[in-house]
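Take a look at the structure set out below.
Order of appearance sets the numbers: ligands from 1, and atoms from 1 within every ligand.
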Amino acid sequence: MKLFIDTANIAEIKEIAQLGILSGVTTNPSLIAKEKRDFKEVVKEITTIVDGPISAEPVSEKAEEIIKEAEELVKIHDNIVIKLTATEEGLKACHILSKKGIKTNVTLVFSVNQALMASLAGATYVSPFIGRVDDINQDGIKLIEDIADVFTIHDIKTKIIAASIRNPLHVTNAALAGADIATVPTKVIKAMFKHPLTEDGIRRFREDWESVYQK
Ligand code: E4P
């Protein structure tokens, strides 16, 4: 399973990109708004840091308007992927954009049927939102598992991005459930490194070394 970073913050993307663990970036209107900068400028800057799919989301609601926005966004860089909502207008836009060879990521997916229809409309990626499903007392990982099963049974090539990741266990379980990608916020990526035994082991190596070589 590949890792994307789920942020529009340039400093965070630069910091994590140095580790060599990132294959792409996802943004959404809320993440872009947090940066209080020009949308296209932020997206353009991201394309200079990570050489992989960069999801950018039009904010229009009607397919015709979404397509106009998408056509401007894809001019920024070849790696731009157009994020579309799992709605009738979103899928209409997905169908037209995918016929034009534009890569798409259908977002706000909360059911197998939404994922299935997105794939039929030509989506390159679908993004089921694990955390938001868990928030309403349902099982987000089970949703990933079910979508992965349906895609495998029917040989559907659309890639599954596990989104709305809240903790490191979501990442492990998304990988086990068959997600192709997990898009992970910076805070969770940092938590994925943490293990008390690693920290204890480093402390013990240092103490043993210093007891002999730095008396
Ligand atoms: C995915 O592409 C979305 O940007 C993201 O994962 C949304 O997650 P949230 O529920 O934390 O807002």
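- The shortest separation from a heavy atom of Thr107 to ligand 1 is not under 4.0 Å, leaving the residue out of contact.
- Atom 12 (O) of ligand 1 has as its closest protein heavy atom Arg132 NH2, 2.7 Å.
- For Asn28, a nitrogen or oxygen atom sits less than 3.5 Å from a nitrogen or oxygen atom of ligand 1, counting backbone and side chain alike.
- Regarding atom 7 (C) of ligand 1, its nearest protein heavy-atom neighbour is Phe129 CE2, 3.4 Å.
- The distance from atom OG1 of Thr87 to atom NZ of Lys92, rounded to the nearest 0.5 Å, is 9.5 Å.
- Tyr213 pairs by the ring-ring contact (aromatic ring centres under 6.0 Å, His included) definition with Trp209, not counting sequence neighbours.
- Contacts between Ser127 and ligand 1 below 4.0 angstrom, taking non-hydrogen atoms only, are absent altogether.
- The protein heavy atom nearest to atom 5 (C) of ligand 1 is Asp6 OD2, 2.9 Å.
- With sequence neighbours excluded, the residues forming a side-chain contact (heavy atoms from CB on, under 4.5 Å) with Asn28 are Ser30, Leu31, Glu57, Lys83, listed by chain and number.
- Taking a cut-off of under 4.0 Å to the non-hydrogen atoms of Ala163, the atoms of ligand 1 that pass are 1 (C), 6 (O).
- A donor-acceptor contact closer than 3.5 angstrom links the side chains of Thr26 and Thr183.
- Distance from atom 8 (O) of ligand 1 to its nearest protein heavy atom, with residue and atom name: Ser164 CA, 3.3 Å.
- Between the side chain of Ser98 and the main chain of Ala123, no donor-acceptor pair closer than 3.5 Å is present.
- Residue Thr26 has at least one heavy-atom neighbour below 4.0 Å for each of these atoms of ligand 1: 2 (O).
- Partner of Val50 under the side-chain contact (heavy atoms from CB on, under 4.5 Å) criterion, out of Ile54, Thr47, Thr48: Ile54 alone.
- The nearest protein atom to atom 2 (O) of ligand 1, hydrogens excluded, is given as Lys83 NZ, 2.6 Å; this is a heavy-atom distance.
- In this structure, the protein non-hydrogen atom closest to atom 11 (O) of ligand 1 is Arg166 NH1, 3.0 Å.
- Side chain of Thr7 to backbone of Asn9: a donor-acceptor contact under 3.5 angstrom is found.
- Under the 4.5 Å side-chain criterion, counting only non-hydrogen atoms from C-beta, Asp6 is not in contact with Ile165.
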